[in-house]
Amino acid sequence: VCMFLASESCQTAKNLENLGILEEHILIRFISNGLPACKDSKLFIKDLHFDEVPVRIYLPRLPSASKRRGLIFFHGGCGMFGSIRSYERTCRYIASKSDSVVVSVGYRLSPEHKYPGQVLDCLTATVRFLQTAENYGVDSARIIVCEDSAGGTFTASVCQQLVNRTDIPKIRAQVMIYPFLQALKLNLPSHQKNAFVPLLPRNRMVHFILKYLNKDSSLEEAVLAGSHVPQSMNLKYGKWINPDLIPNKFKQGYKPPLPTSCVAQVYEEIKEMFETTFSLLLADDSVVCRLPDTCIVTCEHDVLRDDGLLYKKRLEDNNVKVTWYHLEEGFHCALGFFGYSIFSFPSSNKIVDHIVNFIKGY
């Protein structure tokens, strides 16, 4: 019932935009913002700004004998929806159960604030926290970055951009929950299998990508067909983004798509999709091999499942320690339902508990 209502809300938002009544992303933001959470006697909660980027810090009230670990959280929402409040319950739970200081980042949203403003806000907040962690009772050598969905794009981007920084502490680990990591191949096995699954069907995924990048929605069909990718790029990155790299058990019923020709005009219009701040799977091995320990959560009923599987392989091939957690009953956006009592899902709780168990090891 919850998934049906959420899916219908998204369709209603699209219909209202088509009628010129209300822009789609405005209504989805209102819905995804959720209900206010009750007071929490176990935490100090402070709203601050890190170099003009809004953040909310969750600090356990009980004194600690030593400095705590820190966790930086980037919410999901295609870079256009979601907020600190949307993930209030998730961040509180992680802070309390893992005895960590959690920083939730309220990065600017597209389309009002153009790409890559979202990534830059996340990077700014991360660097500031790494520099000032001790002010919040945090051990700067035990800071983890965590996200879901598009926040995974931001997490991966932040970690990749920081590998060469020697003036600040290193990120200890990254947690990526059903992340979006590439726009090169949008017809992988998980795209086919989950093309019509509620909350993030394949055509809506492409629609949101274009809207996030402030591109015309008329490009949707061309991108779905793969006409945005030059053959040279397919050849160059096929060694990293290829259905052959996905385990056979995830390819039941998969049909390789027919070859398509690149339309130069389409490529020129959307070539930002192939920047490594957007398609993180395109990063060089020289960057990937220096990334921190990684936890990847994938869900079976998710168009983005294979992005996580491919990144897992890239990391393992580069000798990065990976913890992988796959939910057979999981679906995209499951984390957004966490903490809403009967409206929550078993997969929502499993994801959060797995995160807590993972970060306790650092």
Side-chain angles (χ1 to χ4, degrees), residues 1-15 17 24-25 27-34 74-83 86-87 90 109-111 118 147-156 176-213 215 217 219-221 223-224 246 250 273 278-281 296-311 326-338 343-345 347-348 351:
V1 174
C2 292
M3 287 185 68
F4 172 77
L5 291 174
S7 182
E8 285 298 301
S9 297
C10 291
Q11 185 60 48
T12 299
K14 183 180 180 182
N15 292 339
E17 180 169 273
E24 171 187 35
H25 63 276
L27 180 56
I28 297 178
R29 281 178 193 171
F30 175 77
I31 295 167
S32 65
N33 213 24
F74 305 138
H75 66 78
C78 306
M80 296 183 292
F81 327 121
S83 63
S86 301
Y87 289 81
T90 299
L109 300 175
S110 180
Q118 298 70 37
E147 55 62 39
D148 78 316
S149 190
T153 312
F154 308 148
T155 289
M176 310 173 73
I177 305 163
Y178 42 73
F180 169 82
L181 295 168
Q182 60 87 28
L184 187 79
K185 292 187 182 294
L186 301 176
N187 208 344
L188 293 169
S190 63
H191 294 126
Q192 289 189 9
K193 177 183 178 182
N194 300 301
F196 304 104
V197 170
L199 297 186
L200 193 65
R202 180 170 172 261
N203 66 325
R204 296 297 282 164
M205 175 192 70
V206 172
H207 172 77
F208 288 142
I209 288 172
L210 292 171
K211 191 156 189 173
Y212 169 62
L213 293 174
K215 303 301 180 182
S217 61
L219 297 167
E220 185 176 320
E221 289 302 319
V223 174
L224 283 167
I246 296 168
F250 294 112
M273 286 186 183
F278 189 83
S279 289
L280 287 306
L281 267 162
I296 296 177
V297 177
T298 54
C299 292
E300 185 60 28
H301 307 289
D302 178 17
V303 288
L304 300 182
R305 180 199 67 193
D306 293 348
D307 281 22
L309 295 178
L310 291 172
Y311 206 56
H326 183 69
L327 287 94
E328 291 290 344
E329 75 279 21
F331 59 94
H332 199 82
C333 299
L335 189 62
F337 293 92
F338 177 78
F343 298 107
S344 190
F345 290 85
S347 56
S348 309
I351 289 172

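This structure is a prediction, so every number in the text was calculated from the model and none was measured. These numbers come from the heavy atoms of this one structure, side chains and all, not from hydrogens, waters or symmetry mates.
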Peer 1: How about Q182 and Y311: does a side-chain donor come under 3.5 Å of a side-chain acceptor?
Peer 2: no
Peer 1: Please state whether the rings of Y87 and H75 are parallel, tilted or perpendicular, taking 30° and 60° as the class boundaries.
Peer 2: parallel
Peer 1: Taking the side chain as every heavy atom from C-beta outward, state whether V197 and D302 have any atom pair closer than 4.5 Å.
Peer 2: no
Peer 1: Stepwise, does the side-chain contact (heavy atoms from CB on, under 4.5 Å) test hold for N33 with R29?
Peer 2: CA-CA 6 Å; N33 213 24; R29 281 178 193 171; over 6 Å; no
Peer 1: Distance from L213 atom CG to F208 atom CZ, nearest 0.5 Å?
Peer 2: 13.5 Å
Peer 1: Taking all atoms of both residues into account, what is the closest heavy-atom pair of S32 and S86, and its distance?
Peer 2: O-OG, 2.8 Å
Peer 1: Ignoring hydrogens, what is the shortest heavy-atom contact between M273 and S279? Give both atom names and the distance.
Peer 2: O-OG, 2.5 Å
Peer 1: Restricting to non-hydrogen atoms, name the atom on A195 and the atom on P201 that form the minimum distance, rounded to 0.1 Å.
Peer 2: O-CB, 3.2 Å
Peer 1: Are L186 and M205 close enough that some pair of their side-chain heavy atoms sits under 4.5 Å apart?
Peer 2: yes
Peer 1: Verify side-chain contact (heavy atoms from CB on, under 4.5 Å) between L200 and L304, making sure each step is shown before the conclusion.
Peer 2: CA-CA 9 Å; L200 193 65; L304 300 182; 4.2 Å; yes
Peer 1: So, S110 side chain and M80 main chain: donor-acceptor pair closer than 3.5 Å or not?
Peer 2: no
Peer 1: Only pairs at least two apart or in different chains count here, so list each ring pair (Phe, Tyr, Trp, His ring centres under 6.0 Å) that has a residue in residues 177-204.
Peer 2: Y178-H332, F180-F278
Peer 1: What about the rings of H326 and F250, do their centers lie closer together than 6.0 Å?
Peer 2: yes
Peer 1: Run the side-chain contact (heavy atoms from CB on, under 4.5 Å) test on Q118 and Y212 for me, step by step, so that the C-alpha distance in whole Å, both residues' side-chain angles and the decisive distance to 0.1 Å come before the verdict.
Peer 2: CA-CA 10 Å; Q118 298 70 37; Y212 169 62; 3.1 Å; yes
Peer 1: Which pair of non-hydrogen atoms, one from M176 and one from T155, has the smallest distance, and what is that distance?
Peer 2: CG-CG2, 4.4 Å
Peer 1: Say whether, by atom type as modelled, one donor and one acceptor occur between the side chain of S348 and the main chain of A334 under 3.5 angstrom.
Peer 2: yes
Peer 1: Check whether any side-chain heavy atom of L109 lies under 4.5 Å from a side-chain heavy atom of F81, and answer yes or no.
Peer 2: no
Peer 1: Can we call the ring centroids of F345 and F337 under 6.0 Å apart?
Peer 2: yes
Peer 1: I'd like to check E328 versus C299 (side-chain heavy atoms, cut-off strictly below 4.5 Å). Are they in contact?
Peer 2: no
Peer 1: Report yes if the side chains of L310 and L188 come closer than 4.5 Å at any heavy-atom pair, otherwise no.
Peer 2: yes
Peer 1: A side-chain contact here means heavy atoms from C-beta on lying under 4.5 Å apart; do T298 and I296 qualify?
Peer 2: yes
Peer 1: For the pair S190 (side chain) and V303 (backbone), establish whether a donor and an acceptor sit closer than 3.5 Å, ignoring hydrogens and angles.
Peer 2: yes
Peer 1: Within the 4.5 Å heavy-atom criterion, are R202 and N194 side-chain neighbours or not?
Peer 2: no
Peer 1: Do you know the tightest heavy-atom contact between P189 and I246?
Peer 2: CD-CD1, 3.8 Å
Peer 1: Can you tell me how far the CG atom of D148 sits from the CG atom of L335, to the nearest 0.5 Å?
Peer 2: 5.0 Å
Peer 1: Are the side chains of I351 and L327 in contact, using a 4.5 Å heavy-atom criterion?
Peer 2: yes
Peer 1: Any pair with a residue in residues 186-201 that passes salt bridge (charged side-chain N to carboxylate O under 4.0 Å, His left out), sequence neighbours left out, goes on the list, sorted by first then second residue, please.
Peer 2: K193-E300
Peer 1: Kindly give the heavy-atom pair with the smallest separation between V297 and P179, and that separation in Å.
Peer 2: O-CD, 4.2 Å
Peer 1: Check step by step if side-chain contact (heavy atoms from CB on, under 4.5 Å) holds for T153 and E147.
Peer 2: CA-CA 9 Å; T153 312; E147 55 62 39; over 6 Å; no
